[in-house]
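Protein chains get the first letters and strands the later ones, always in sequence-line order, with residue 1 at the start of each. The figures that follow rest on heavy atoms only: side chains count, while hydrogens, waters and symmetry mates do not.
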Amino acid sequence: MIDLRLVRENPDLVRASQRARGADESLVDALLAADAERRAAVKAADDLRGEQKAASQAVRKASPEERPAVLERAKALAAQVKQAEEAERTADAALHALHLRIPNVVHPDVPPGGEDDAVEIRTVGELPAYDFEVRDHLQIGEALGAIDMERGAKVSGARFYFLTGPGALLEFALAQLAITRAVAAGFIPVIAPALVKPEAMEGTGFTGEHDEEIYRVERDDLYLVGTSEVALAGMHAREVLDLSAGPRRYAGWSSCFRREAGSYGKDTRGIIRVHWFDKVEMFSFCAPEEAEAEHRRLLQWEEEFLQLLELPYRVVDIAAGDLGTSAARKFDIEAWFPSQGAYRELTSTSDCTTFQSRRLAIRSRDADGKPQPVATLNGTLCAIARTIACLLEVHQRADGSVHVPAALRPWLGGHEVLTPGMSLTAVAAPGLPA
RNA sequence: GGAGGCUUCGCCUAGUCCGGUCUAUGGCGCCGCACUGCUAAUGCGGUUUGGGUUAAUCCCCAUCCCGGGUUCAAAUCCCGGAGCCUCCGCCA
């Protein structure tokens, strides 16, 4: 949630942010009114409680003769306090409900507009040219024995898949490369839970407008995460972190689950948009004043990863109307999918400033030693299924084989190419005993 | 799934049986000051978090795992829940 002091002191800034998002501007004034009401209710209840406390002491000290009268007064006050506390709770709940409905304040440099108004920042890598008819990743994957959609549907339904043979090995290779890179950059590797409590989901801002996107396990009141960001952010809920040595960075691996409600008919083919995939996610806790620089660093790590995979891509600055609830700013990296002749989102990094940490009560001590909300940032290092799809397409060859980028070879037995029908028995990490 | 134990202001801890200056004790750590050639030791003072109020200080309210209840009054009594530990059962 956003900083209430900002709303009080600079409501126009928040109104402008709401406008930029295409969200309801009047919420800001409703919030201000609710805030004033809550403060009045708090003051009334506090004052009454103070009186009651004194009265309660008086009961104890009263002589036997005056005791009945004093007790009478204390009882009356107790009843008033009860009423005042009820009013306080109501006012507080009203404020909280409004507070939760307001998304993060957008960064001033965010481009205006909606989904189609992302601004291209740069393109990197040469678009490949093919002197044969380009196949899509599913055709290539099926020929390689790497992807089995039909049986995925048989077992789990639409948008489920099996990764088999070289596909399964590719998943591990990508995960290894991602985690290895992240650890080398100073990230703490984490295997995060994929089922979380409602609190963690709410804290990261996913339950509001994205509710339809989330799998819920009713019986146990748990959610399946759509990204390990949820667990990683929740990891330090209600803690005071020591960030004096710089940002605290985690690289989390987890399965991710998405209902994809409302995307019927979109990307129905292959493993570009699926209900479940595995992902290595970067997550950073840092001082608010460092957030923008950290955001650029996350973006850079994402770019380096795609460069290692030899995938051409472009970086886009997401427009205000297309930002998630928690994000003040978001950069996507879109990689080239030859079968579509288009760039498609492969990774995404968001600066959530103090929005998530305020909800989750994640703080660090400022220069005065006072706990203050930290900034949280997240970025995809590798969304594995979609990355496999992109790799297969970009690195395809006329004979149905697929070029293996050098960076992945250590985990694919040193093979420079994946070929239909190849034997996997030789695929082992070099240096391991046979 | 069953039985028992535990949870106090950074860490440890007193207090809970028997409700009332608990405005929560003490130790460690940390910060400041004094003493000291310097350090150590010692002494004195400070040190939970959130909210309200304020120009700021002061002050006020809440906070003893969480949520209810009883009471004029709850760390303390009652009910519900969470987490941790031990044992039994089951299990990869």
Give a yes or no on whether the backbone of A:R273 and the side-chain of A:R159 come within a donor-acceptor separation of less than 3.5 Å. yes
Searching all strands shown, indicate the nucleotide that pairs with B:rA55 (Watson-Crick or G-U wobble; both distances under 3.5 Å). none
Quote, to the nearest angstrom, the P distance that separates B:rG50 from B:rC44. 31 Å
For B:rC77 versus B:rC6, give the span between their P atoms, rounded off to a whole number of Å. 12 Å
So what does A:R238 touch, heavy atoms closer than 4.0 Å: a base, only the sugar-phosphate, or nothing? nothing
Roughly, in whole Å, what's the span from CD in A:E37 to P in B:rG51? 20 Å
Any donor-acceptor N/O pair, A:T380 side chain to A:S348 backbone, under 3.5 Å: yes
Could you give the CG-to-C1' distance, from A:L4 to B:rG52, as a whole number of Å? 14 Å
Any donor-acceptor N or O pair under 3.5 Å, side chains A:E281, A:S228: no
Which base, if any, makes a Watson-Crick or G-U wobble pair with B:rU36, both distances under 3.5 Å? none
Euclidean distance, atom CZ of residue A:R49 to atom C1' of B:rC72 [Å, nearest integer]: 16 Å
So, OP1 or OP2 of B:rC72: does either fall under 4.0 Å of a side-chain N or O from A:K53? no
Any side-chain donor near an acceptor of the partner, A:E294 and A:S284, under 3.5 Å: yes
Would the A:F162 and A:F160 ring centres measure less than 6.0 Å apart? no
Regarding A:Q52, tell me which of base, sugar-phosphate or nothing describes its non-hydrogen contacts under 4.0 Å with the strands shown. sugar-phosphate
Which is more 5' along RNA chain B, the nucleotide nearest A:D46 or the one nearest A:R365? Just name the residue. A:R365
Contact class for A:A55 (heavy atom, under 4.0 Å): base, sugar-phosphate, or nothing? nothing
For A:E51 and A:D35, find the nucleotide of RNA chain B closest to each by heavy atoms; which residue's nucleotide sits nearer the 5' end? A:D35
Mind checking the P distance from B:rC30 to B:rG83? Whole angstroms is fine. 35 Å
Proximity to the side chain of A:V42 - top-ranked nucleotide from B:rC72, B:rG52, B:rA62: B:rG52
Complementary nucleotide of B:rC22, counting Watson-Crick and G-U pairs under 3.5 Å: none
Partner nucleotide of B:rC77 by Watson-Crick or wobble geometry (both distances under 3.5 Å): B:rG69
Between B:rA82 and B:rC65 - C1' atom distance, rounded Å: 8 Å
Base partner of B:rG4, which must satisfy Watson-Crick or wobble distances under 3.5 Å: B:rC85
Mark yes or no for whether A:Q396, through its side chain, and A:E393, through its backbone, hold a donor-acceptor pair below 3.5 Å. yes
Side-chain N or O of A:R363 closer than 4.0 Å to phosphate OP1/OP2 of B:rG50: yes
Charged N to carboxylate O under 4.0 angstrom, A:R49 versus A:E88? yes
Could you check how far NZ of A:K370 sits from C1' of B:rC31, rounded to whole Å? 16 Å
Given atom CD of A:E199 and atom P of B:rA82, what is their separation to the nearest angstrom? 15 Å
Separation of the P atoms in B:rC11 and B:rU49, to the nearest angstrom: 12 Å
Looking only at the aromatic ring of each residue, does the gap between the centers of A:H275 and A:Y161 stay below 6.0 angstrom? no
Take atom C1' in B:rG10 and the same atom in B:rG1, then report the distance between them in whole Å. 38 Å
Watson-Crick or G-U wobble mate for B:rC11, both contacts under 3.5 Å: B:rG27
Take the protein atom CG of A:D92 and the nucleotide atom P of B:rG50, then report the distance between them rounded to whole Å. 16 Å
Distance check, P atoms only: B:rC28 and B:rU13, in whole angstrom units. 16 Å
Nearest-neighbour nucleotide for the A:R89 side chain, B:rG68, B:rC72, B:rU53 considered: B:rG68
Is it true that A:H107 and A:E292 share a donor-acceptor pair across their side chains at a distance under 3.5 Å? yes
Under-3.5 Å N/O pairs linking protein and nucleotides 20-22 of chain B:
{"residue": "B:rG20", "atom": "O2'", "partner": "A:R60", "partner atom": "NE", "Å": "2.3"}
{"residue": "B:rG20", "atom": "O2'", "partner": "A:R60", "partner atom": "NH1", "Å": "3.0"}
{"residue": "B:rG20", "atom": "O2'", "partner": "A:R60", "partner atom": "NH2", "Å": "2.8"}
{"residue": "B:rG20", "atom": "N2", "partner": "A:S56", "partner atom": "O", "Å": "3.0"}
{"residue": "B:rG20", "atom": "N2", "partner": "A:S56", "partner atom": "OG", "Å": "2.9"}

Atom pair distance, as rounded to whole Å: CD in A:Q80 and P in B:rC61: 16 Å
Side-chain (A:S263) to main-chain (A:E260) donor-acceptor, under 3.5 angstrom: yes
From NE2 of A:H99 over to C1' of B:rG51, roughly how many Å is that when rounded to an integer? 14 Å
Could you measure between the two C1' atoms, the one in B:rC66 and the one in B:rA14, and give it in whole Å? 24 Å
Would you say a side-chain N or O of A:K82 is under 4.0 Å from OP1 or OP2 of B:rU70? yes
